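Excluded from the calculations below are hydrogen atoms, water molecules and symmetry mates; all remaining heavy atoms, backbone and side chain alike, are included. Keep in mind that this is a model prediction, so the values were computed, not measured.
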Amino acid sequence: QITVFCKDFHTPDWFKGALIYQIFPDRFSRGKSYVEGQMEAAKKADERIFHDDWYEDVDIHGKPQTGYLACDFYGGTLDGIAEKIPYLESLHIDCLYLNPIFEARSNHRYDTADYMCADPMLGGNEAFSRFSEQMRRSNIAFLLDGVFSHTGADSRYFNKLGRYAERGAYQTAEGKGSSEYSSWYTFFRDNSGNVAYDSWWGFADLPNVNENDLSYRDFILGDNGVIGSWLKKGAAGFRLDVSDELPDSFLRELRFVVKENSDHEGVVLGEVWEDASNKISYGSYRDFLLGNTHDYVMGYTFRDTLLGFLMGAFDAQNLNARLESYRENYPPEAYYCIMNVISTHDVPRAITIIGGVSDPGDREKQSQLSLDEAGLKKGLALMRLAIVIQMGYVGSPCIYYGDEIGMQGY
């Protein structure tokens, strides 16, 4: 393959080979100042389940009246993360990648409710300021997770549940007055004449936004927009959720804004699971690594190749050939900072996979699953080999929090 890319394509040198650590904020650390009832005091909602016991099992059912909504919380905070800086330094971490921190309804926070507010349960904007300053003093950069293909239905922009004071787009669709956010979304009437709307993969809690809407673009990318504001507050860049579902024009403008607000040192990381140099989506080849949109992508191709080798799916010669194909396809500036992962929030823990336990495909059974003594011994040995290859290979290795201590789970 001949990959044609911009002659002046350059990625930040500080990120090439940087050691990254990924944190799911709710489940990393509460912090020393945590008090009982802190989660409820920060934000109440009937569907939420609060775990006072940090070691209590994760909820897989939800409340009877709602069912599972990913609305159970353990109370991790930004202050709690900052308190663990000595631990991060002991691992020689250069950069944190934080799963979403913006206010949201769910524990994963991929249903953004307010792009300009760190979630109150994480400590809010005041805690973010403290966190950012402590990261700066420790010389540890951090990336934020930006979700720009959709928002939450329970958000100040859509406001389907009516929990925000101002009118949202949903109220406009119901004929209850105008909202400045109404043009962000696409509404229609279903067969019964009820209000319906485009949503991400059919999930009603995640209404799609129109990234070509000028008011939405200005809100995210404008002079006082989301991207510029958080970069000025200390973020080193953004990881873009489902970036292959964002228009190239939006991505190009976003990259420009990141560079302009960071002296060209800010980074743009894309969630692309396949070979990003020749990916086709929405009927055309995508401009992911040609110097106009992303700096680099998440290295799921590295993960799939490495785990396949460790599990005996193919031999070392095949492993090398696969990795070489990506090196040959990717522009060097991107290849030297690909985020090479072994586990992430979107895939099972690597030790569980390579330890030899098959996925039962059911939450109830998954929650009871753990490696036996022989499986754990095998898993630990292969994980050590995986880490050696990951750390020694070209790119920026990323540890998913807990993998360093052998955490299991599907």
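- We find that Asp46 and Lys63 are not joined by a salt bridge, their nearest charged nitrogen and carboxylate oxygen being 4.0 Å or further apart.
- Side-chain contact between Leu144 and Phe102 is present, with heavy atoms from C-beta onward closer than 4.5 Å.
- For an aromatic pair to be called close, the ring centres must be under 6.0 Å apart, and Phe238 with Trp230 fails this.
- A donor-acceptor contact under 3.5 angstrom links the side chains of Thr11 and Lys16, judged on distance only.
- Each salt bridge (Lys or Arg N to Asp or Glu O under 4.0 Å) pair with one or both residues in residues 18-30, not counting sequence neighbours, would appear here, but there are none.
- Remark: Asp287 engages Arg252 in a salt bridge (Lys or Arg N to Asp or Glu O under 4.0 Å) (not counting sequence neighbours).
- For Arg109, the salt bridge (Lys or Arg N to Asp or Glu O under 4.0 Å) partners two or more places apart in sequence, or in a different chain, are Asp119.
- Looking at Glu103 and Lys43, a side-chain N of the basic residue comes within less than 4.0 Å of a carboxylate O on the acidic one, giving a salt bridge.
- The side-chain heavy atoms of Tyr296 and Tyr335, taken from C-beta on, include no pair separated by under 4.5 Å.
- Within the 4.5 Å cutoff, side-chain heavy atoms of Gln390 are placed close to those of Ile387.
- The residues Arg105 and Asp111 are annotated as not salt-bridged, no charged nitrogen and carboxylate oxygen being separated by less than 4.0 angstrom.
- Residues passing the ring-ring contact (aromatic ring centres under 6.0 Å, His included) test with Tyr181 are Tyr157, Trp184, sequence neighbours excluded.
- Scored by the ring-ring contact (aromatic ring centres under 6.0 Å, His included) test, His61 finds no partners at all (sequence neighbours excluded).
- The closest side-chain donor-acceptor pair between Tyr185 and Asn208, if any, does not fall under 3.5 angstrom.
- Inspection of the Ser199 and His150 side chains reveals no N or O donor paired with an N or O acceptor under 3.5 Å.
- By the 4.0 Å N-to-carboxylate-O rule, Arg136 lies close enough to Glu133 to be salt-bridged with it.
- No donor-acceptor contact under 3.5 angstrom links the side chains of Asp79 and Thr77, judged on distance only.
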Solution key, residues 300-311 side-chain donor-acceptor pairs under 3.5 Å, sequence neighbours excluded:
residue	atom	partner	partner atom	Å
Tyr300	OH	Thr344	OG1	2.8
Arg303	NE	Ile342	O	3.0
Thr305	OG1	Thr301	O	2.8

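- Of the N and O atoms on the side chains of Asp114 and Tyr164, not one donor lies less than 3.5 Å from an acceptor on the other residue.
- For Tyr197 (side chain) and Ala204 (main-chain N/O), a donor-acceptor pair under 3.5 Å exists by modelled atom type.
- Side chain to side chain, His51 and Asp72 meet the donor-acceptor criterion of an N or O pair below 3.5 Å.
- Listed by chain and number, the residues in a side-chain contact (heavy atoms from CB on, under 4.5 Å) with Ala321 amount to none (sequence neighbours excluded).
- Partners of Glu245 under the salt bridge (Lys or Arg N to Asp or Glu O under 4.0 Å) rule, at least two apart in sequence or in another chain, do not exist in this structure.
- Ion pair Glu83/Lys32 not flagged as a salt bridge, since none of the NZ, NE, NH1 or NH2 atoms sits closer than 4.0 Å to an Asp/Glu carboxylate oxygen.
- Inspection of the Ser179 and Arg156 side chains reveals no N or O donor paired with an N or O acceptor under 3.5 Å.
- Taking Asp59 as the reference, nothing meets the salt bridge (Lys or Arg N to Asp or Glu O under 4.0 Å) condition, with sequence neighbours excluded.
- Residue pairs meeting the side chain to side chain donor-acceptor pair (under 3.5 Å) criterion with at least one member in residues 264-273, sequence neighbours excluded, are Arg239-Glu271, Glu271-Trp273.
- Side-chain contact annotation: His345 with Tyr401, donor-acceptor N/O pair under 3.5 Å absent.
- With Ser325 contributing its side chain and Arg322 its backbone, the two residues share a donor-acceptor pair below 3.5 Å.
- No side-chain donor-acceptor contact under 3.5 Å links Arg163 and Asn159.
- Aromatic rings from Tyr330 and Phe288 are positioned such that their centres are separated by 6.0 Å or more.
- Considering only heavy atoms from C-beta on, Met298 stays 4.5 Å or farther from Val272 through its side chain.
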Side-chain polar contacts of residues 3-10 - donor-acceptor pairs under 3.5 angstrom, sequence neighbours left out - could you list them?
residue	atom	partner	partner atom	Å
Thr3	OG1	Gln1	NE2	2.8
Thr3	OG1	Asn329	O	2.6
His10	ND1	Glu333	OE1	3.1

Show which side-chain atoms of residues 402-410 pair as donor or acceptor with protein atoms under 3.5 Å away, not counting sequence neighbours.
residue	atom	partner	partner atom	Å
Asp403	OD1	Arg349	NH1	3.0
Asp403	OD2	Ser343	OG	2.7
Glu404	OE1	Gly402	N	2.9
Glu404	OE2	Tyr21	OH	2.6
Glu404	OE2	Tyr87	OH	2.6
Gln408	OE1	Leu371	N	2.8
Tyr410	OH	Val357	O	2.4
Tyr410	OH	Asp359	N	3.4

